[in-house]
Amino acid sequence: MPFLRLLHYPGKLEPSGEEIYGASAHSDYGMITLLATDGVPGLQVCRDKSQHPRVWEDVPNINGAFIVNIGDMMERWTNCLFRSTLHRVMPTGQERYSAAFFLDPNYDCVVKCLESCCSESCPPRFPPIRTIDYFNERFREIWLIKQRSDERLNVVSSQTSNLPGSLQRPVMVPTVVHVSRPDVVENNRRDLPIDNSHDGAGDNGSCELQQCNNYMWRNWFLCEAGFGSNLCGIRSGIIGVTQPCRVAVLATAKRVAFELGLHLGKEAGFQVYDRWNFITRA
Ligand SMILES: O=C(O)CCC(=O)C(=O)O
Ligand SMILES: [Fe+2]
């Protein structure tokens with residue numbers, strides 16, 4: 001699964017002279033990352049992450065070359081034959097741009113030590129893990145670090161701008177919630193054309209079924225991005241959809257429940273207000 005992240009470090013300095021943007025020490029979670037930068041320094045790697053105190057080295061810029069990072073999943077697959085690279089971006093006060101291309105296993109892929117990388121004398125160091133479970137574990141750790149830091153700094157809002165540089169960026173990493181749908185729904189989804197008709201701009205964008213589809217697409221997107229999930233502290237709550245008429249409300253609620261394997265009236269519900277303010281709920 002590919003994922004491209006475009007990064008901008010504004011290089012702003014606090015009145016104290018301290019820069020507030022950077023990226024704390026981390027390894028990338030997936031398989032492999034190709035990184036292109038604009039040549040502005042700041043990126044550092046630690047060759048031996050088990051060594052303390054850590055020794056950080058600047059990564060030199062080579063024009064036209066990508067920086068390649070091994071990710072955690074590759075480390076687990078190869079039983080540490082390939083180690084994931086611990087790296088960070090130090091604030092330098094200079095504006096900086098980078099583009100990171102992450103290649104990760106699919107979320108439902110179980111990452112298990114490769115047979116060629118273990119033996120009786122060298123048993124697997126990590127148990128098999130589903131990619132999504134590993135990612136969520138890491139996102140939860142980051143969320144806890146952010147909460148502790150907020151408490152320390154007495155940050156009231158959820159903005160990250162008051163955080164020290166070392167905690168700025170990874171907090172922005174999205175949580176991904178794996179949604180398991182009935183087989184029939186999953187197969188239908190795979191057959192859907194990849195075009196822009198689901199954003200309501202297509203020729204048949206106004207028909208009722210199409211509108212229902214539009215809401216489905218948005219719900220799936222929000223749901224899989226962690227909205228409405230207890231796993232994701234900042235996005236927990238409810239995804240709400242408004243519809244112009246009772247028929248559409250019922251159709252949408254039923255379909256959300258069916259497609260996400262939820263119970264209508266429990267995890268998925270609806271509320272209809274008619275013009276005399278009578279309310280029907282499930
Ligand atoms: O901006 C950089 O050079 C590094 C970015 C990075 O490590 C990341 O996005 O995971
Ligand atoms: Fe990284």
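Whatever order the structure lists them in is the order used to number ligands and atoms, beginning at 1. Keep in mind the model is a prediction, meaning the values are calculated, not measured.
- Ligand-side atoms of ligand 1 in range of Phe102: 8 (C), 9 (O), 10 (O), range being under 4.0 angstrom from any heavy atom.
- Between Ile70 atom CD1 and Cys80 atom SG the span is 12.0 Å, to the nearest 0.5 Å.
- If you run side chain to side chain donor-acceptor pair (under 3.5 Å) between Thr33 and each of Thr85, Asp104, Asp28, only Asp28 comes through.
- Under 4.0 angstrom from ligand 1, the non-hydrogen atoms of Leu35 all belong to its side chain.
- Those atoms of ligand 1 with a heavy atom of Val89 less than 4.0 angstrom away are 1 (O), 2 (C), 3 (O), 4 (C).
- Listed by number with element, the atoms of ligand 1 under 4.0 Å from a non-hydrogen atom of His26 are 6 (C), 7 (O), 8 (C), 10 (O).
- If you look at Ile67 next to ligand 1, there are no close heavy atoms at all, none under 4.0 Å.
- The existence of a salt bridge linking Arg138 and Glu141 is confirmed by a sub-4.0 Å separation between a basic side-chain nitrogen and an acidic carboxylate oxygen.
- By the criterion of side-chain heavy atoms lying less than 4.5 angstrom apart, applied directly or through intervening Ile, Leu, Val, Met, Phe, Trp or Tyr residues, Val89 is not grouped with Leu86; the two fall into different hydrophobic clusters.
- Of the N or O atoms in Thr37, none lie within a sub-3.5 Å distance of an N or O in ligand 1.
- Distances below 4.0 Å separate heavy atoms of Asp28 from the following atoms of ligand 1: 10 (O).
- Note on ligand 1: Arg88 sits outside its first shell, no heavy atom being nearer than 4.0 Å.
- The ligand atoms of ligand 1 that sit less than 4.0 angstrom from a heavy atom of Leu7 are 1 (O), 5 (C), 9 (O).
- When hydrophobic side chains of Ile, Leu, Val, Met, Phe, Trp and Tyr are connected at separations under 4.5 Å, Val55 ends up as a singleton with no cluster partners.
- Residues in residues 55-93 take part in these ring pair (Phe, Tyr, Trp, His ring centres under 6.0 Å) pairs, two or more places apart or across chains: His26-His87.
- Classification of Arg130 and Glu137 as a salt-bridged pair fails, no side-chain N sitting under 4.0 Å from a carboxylate O.
- The N, O or S atom of Asp28 lying closest to the Fe ion (ligand 2) is OD1.
- In terms of heavy-atom proximity, Cys122 sits nearest to Cys117 at SG-O, 4.2 Å.
- With the Fe ion (ligand 2) at the apex, His87 NE2 and His26 NE2 define an angle of roughly 90° (rounded to 10 degrees).
- If you number the atoms of ligand 1 from 1 as listed, the ones under 4.0 Å from a heavy atom of Tyr9 come out as 1 (O), 2 (C), 4 (C), 5 (C).
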